[in-house]
Amino acid sequence: MSPRPIVFTNARLVDPASGYDGPGALLVEAGQIKEVHRGNDLPSVSPDMKLIDAAGALLCPGLVDLRVKTGEPGSEPKETLKSAARAAAAGGVTSIVVQPDTDPVIDDPAVADFILRRARDIGLVHVYPAGAATKGLRGKGMAEIGLLHEAGCVYVTDADRPIVDSRVMRRLLAYAGSLGTLVSHRPADPWLTEGASATESEFAGRMGLASEPVAAETIMLERDIALVRLTGSRLMVDQISAAEPLASLTRARGLGLPILATASINHLAFNELDIGDYRTFCKLIPPLRGEQDRMALIDALASGLVDIVVSAHAPAPPEDKRLPFDEAAPGAIGLQTLLPALLSLYHEGHAPLMRLIDAVTLSPARAIGSMAGRLTPGSPADLVLCDIDAPRIIDASTLVSKSKNSAFDGRRLQGTIRLTMVEGRIVYEAAA
Amino acid sequence: MVTIAPGIDEVRARTFPFPHRHFLNAADLDPVQVAGLLDLADGFVTLNRQMNKKVDLLKGRTLITLFFEASTRTQSSFELAGKRLGADVVNMSPRTSSISKGETLIDTAVTLNAMQPDILVVRHGSSGAASLLSQKVSCSVVNAGDGQHEHPTQALLDSLSMRRAFGHIDGLTVAICGDVLHSRVARSNVALLTMLGARVRVVGPPTLMPTDVARWGVEVCHDLKRGIAGADVVMMLRLQLERMQGALVPSMREYFRLWGLDREKLALAAPGVRVMHPGPMNRGVEIDSDVADDLDVSLIQDQVEMGVAVRMAVLTSLAARLDNR
């Protein structure tokens with residue numbers, strides 16, 4: 001039985017697919033967007049419809065987050081698929097792509113099946129697996145990319161681990177490209193980054209922390225760009241983080257190479273000084289960079305050089321975080337703070353709202369071949385209703401994730417999620 | 001009944017209101033606090049040279065030394081300091097191998113904290129460990145070395161040694177030589193010496209220098225001879241022998257040739273130069289025995305003696321802030 005049709009009235013529609021940002025109404029029926037009405041034009045309302053008065057709030061496509069870690073399977077105390085899905089719904093994220101570095105690794109179609117089945121049972125948001133690029137994420141033999149693709153993996157990656165062997169990377173790109181499978185790779189020279197827990201700088205030197213230079217990212221990205229030229233295959237650069245590799249990316253774009261790039265919200269919101277007095281919630285991979293790098297990253301996002309923003313959601317329980325900085329697990333949760341943190345770039349005048357929304361909706365949806373991410377009749381009714389001005393102070397203890405390691409704890413942000421809808425069903429609604 | 005050492009009143013007169021609950025970083029101190037600590041430590045030096053060294057400034061207090069990294073001199077120095085002040089001292093050296101890393105630090109500290117110690121002295125291989133621990137316990141925490149970050153009592157004892165040898169620190173040229181990158185002693189000394197008005201040079205190969213070290217307010221020199229030219233104090237740092245593996249330096253003999261301190265290189269320093277080393281020394285690697293053992297030049301034995309006095313000053317200052325009920 002399909003739920004009642006829903007009409008959103010009095011909304012501020014922001015649709016990256018059409019470029020429309022203005023008042024409007026939207027009719028949802030049978031899990032799809034049925035009608036989009038701009039201006040004061042209203043759909044014909046029948047008594048069986050549920051009316052939602054947006055009161056001027058932002059109504060845009062639900063967020064598509066391409067980089068989420070949960071602990072399932074293997075480390076359920078960190079986060080389960082269910083708790084991650086609940087956090088996503090509460091954050092206006094309607095599609096998540098889970099990383100393959102689980103236990104067991106998603107290098108077998110059976111594990112992808114397991115995740116898809118669990119996600120169906122949970123039934124909150126869309127959950128897609130990313131498959132391993134190499135067997136066991138060991139960077140040597142190629143994983144069964146074709147079978148993983150058939151099983152529903154939306155791209156392949158070795159997650160945090162760089163693929164060191166250039167020959168493996170070349171073959172991976174060539175092979176995956178022929179199947180139409182996207183490869184995602186985090187550029188990091190393994191030797192320059194070994195043992196590092198901060199970015200190389202005067203600050204890290206004073207803190208006595210082992211550090212990695214930005215060059216570690218640039219070197220590996222330059223290699224990857226050369227391999228894309230060689231193979232002609234698509235590559236997604238995972239979490240570009242600094243000005244120097246952005247210059248490499250600019251050059252690659254100039255050559256017309258099929259390279260997408262993501263940035264994590266953390267690297268757009270924080271810089272190296274946020275690790276402060278050894279604050280492990282800000283220990284990340286890649287490490288937080290200098291302020292100039294952060295500003296360059298924001299500019300690259302605004303200009304579209306960086307296509308996609310991810311939450312890089314990485315839950316870690318206290319026992320993994322309440323440790324000396326160099327022993328603490330890296331990563332921070334981010335599903336629930338992605339949209340408000342992104343909106344702060346709009347409120348601070350760094351980037352246009354349309355581009356920011358595009359970077360978390362249409363661009364990532366296109367990258368994985370999803371029909372979500374747009375307010376187009378016929379596309380899935382994955383929507384988020386957000387009061388973009390409402391101020392709030394993030395209190396990590398109130399976040400939905402099982403782990404509370406939010407780098408935004410205590411931060412003042414603007415943007416409250418009022419309602420999240422997935423295929424026409426309301427999966428989250430803020431208490432009135 | 002213990003008789004109290006004569007001269008205690010003179011030491012007591014030198015105590016001053018110390019504003020910190022923990023003693024974590026040299027960089028957290030200001031020149032007035034440093035001068036106060038050094039004056040107090042000077043008083044303890046006199047006391048420590050008497051037959052009866054026992055005072056009651058920490059009577060009834062419990063001091064725990066928790067060393068996750070092996071150390072003979074620092075741990076025994078803190079132990080002696082605590083005992084001479086009349087505290088009960090317990091030394092712990094948990095083997096990091098027996099329990100998984102990290103668990104040991106917080107879990108052990110919280111367990112020990114429940115036994116109501118007054119002061120916890122901690123050494124750990126990770127930068128920031130002492131600071132982390134200070135947030136989790138109710139007693140005072142003294143940093144006895146955290147990773148590559150700070151070793152503040154070492155810097156204080158180095159300053160005391162210099163002040164006693166030269167009468168002042170202001171205006172001295174101090175060359176800190178060797179593996180600055182991995183040295184917490186160097187970081188604490190740079191912080192303290194620059195604060196006290198010394199001209200500090202850091203000297204060593206670029207592979208053993210922290211990033212942008214020039215912005216620490218020091219001169220940087222990649223040539224030992226030029227680096228120690230005209231220096232009043234030459235402070236040699238210990239070269240961890242495992243550094244040979246990571247392509248930081250090629251070999252011990254090359255290191256000694258280029259960066260080791262011998263009589264010939266030392267001749268370039270200022271007349272009356274004094275040589276220091278935080279210990280333990282690698283003789284024939286960073287320092288020639290001929291220099292290390294020359295009592296006219298070497299302050300190395302003084303440093304060890306000052307260590308006990310400085311730690312007594314730090315413990316006394318912290319204890320004065322503790323609840324007295």
Side-chain angles (χ1 to χ4, degrees), chain A residues 75 77 189-216 242 244 271-283 287-293 316-330 405 409-410, chain B residues 22 24-28 68-69 96 100-107 109-110 122-136 143 145-151 180-188 190-191 194 202 208-218 220 245-247:
Chain A
S75 323
D189 177 292
W191 296 282
L192 286 172
T193 54
E194 192 185 344
S197 57
T199 198
E200 189 171 296
S201 69
E202 181 200 355
F203 182 66
R206 282 182 186 274
M207 300 275 284
L209 293 174
S211 58
E212 60 174 75
V214 164
E244 202 179 85
N271 68 24
E272 56 167 344
L273 300 180
D274 284 296
I275 66 177
D277 190 15
Y278 305 98
R279 197 160 170 261
T280 55
F281 284 8
C282 287
K283 179 179 174 179
L288 289 173
R289 307 293 191 186
E291 179 64 5
Q292 283 180 326
D293 288 320
E319 60 268 30
D320 294 344
K321 278 292 188 184
R322 264 184 218 149
L323 292 174
F325 199 80
D326 60 356
E327 293 177 7
N405 55 309
D409 188 26
Chain B
H22 305 293
L24 300 177
N25 305 311
D28 298 341
F68 291 86
E69 277 185 346
T96 35
S100 80
K101 268 193 201 166
E103 251 184 7
T104 53
L105 176 66
I106 295 290
D107 294 350
V110 169
V122 64
R123 167 171 290 187
H124 194 278
S126 295
S127 301
S131 162
L132 173 69
L133 208 145
S134 72
Q135 295 160 27
K136 309 286 176 192
N143 181 7
D146 62 326
Q148 299 167 8
H149 180 225
E150 280 245 27
H151 189 358
V180 177
L181 177 63
H182 299 97
S183 176
R184 53 191 173 216
V185 174
R187 280 175 184 72
S188 287
V190 168
T194 51
V202 291
L208 296 178
M209 285 289 157
T211 312
D212 288 337
V213 65
R215 284 156 64 175
W216 292 11
V218 297
V220 184
Q245 260 85 58

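Each chain gets a letter, A, B and so on, in the order the sequences are listed, and its residues count up from 1.
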Largest heavy-atom contact set with chain A, pairs under 4.5 Å, which of B:Gly125, B:Gly128, B:Pro210:
B:Gly128
Does the side chain of B:Ser127 reach to within under 4.5 Å of the side chain of A:Phe325, using non-hydrogen atoms?
no
From CG (A:Asp326) to NE2 (B:His124), nearest 0.5 Å
8.0 Å
On a heavy-atom basis, which atom in B:Ser126 and which in A:Glu327 lie closest, and how many Å separate them?
OG-OE2, 3.3 Å
Taking atom CD of A:Glu291 as the centre, does the number of heavy atoms from other residues, nucleotides or ligands within less than 6.0 Å exceed 12?
yes
Identify the residues of residues 198-207 of chain A whose heavy atoms come closer than 4.5 Å to a heavy atom of chain B, ordered by number, or report 'none'.
A:Glu200, A:Ser201, A:Glu202, A:Gly205, A:Arg206, A:Met207
Quick one: list whatever passes side-chain contact (heavy atoms from CB on, under 4.5 Å) with A:Pro317, sequence neighbours left out.
A:Lys78, A:Glu319, A:Asp320, A:Ser403
pair A:Asp277-B:Gln135: side-chain heavy atoms closer than 4.5 Å
yes
Which heavy atom in B:Leu132 sits nearest to a heavy atom in A:Leu323, and how many Å separate them?
CD2-C, 3.3 Å
Need one label for B:Arg187: side chain, backbone, both or neither, based on atoms under 4.5 Å from any heavy atom in chain A.
side chain
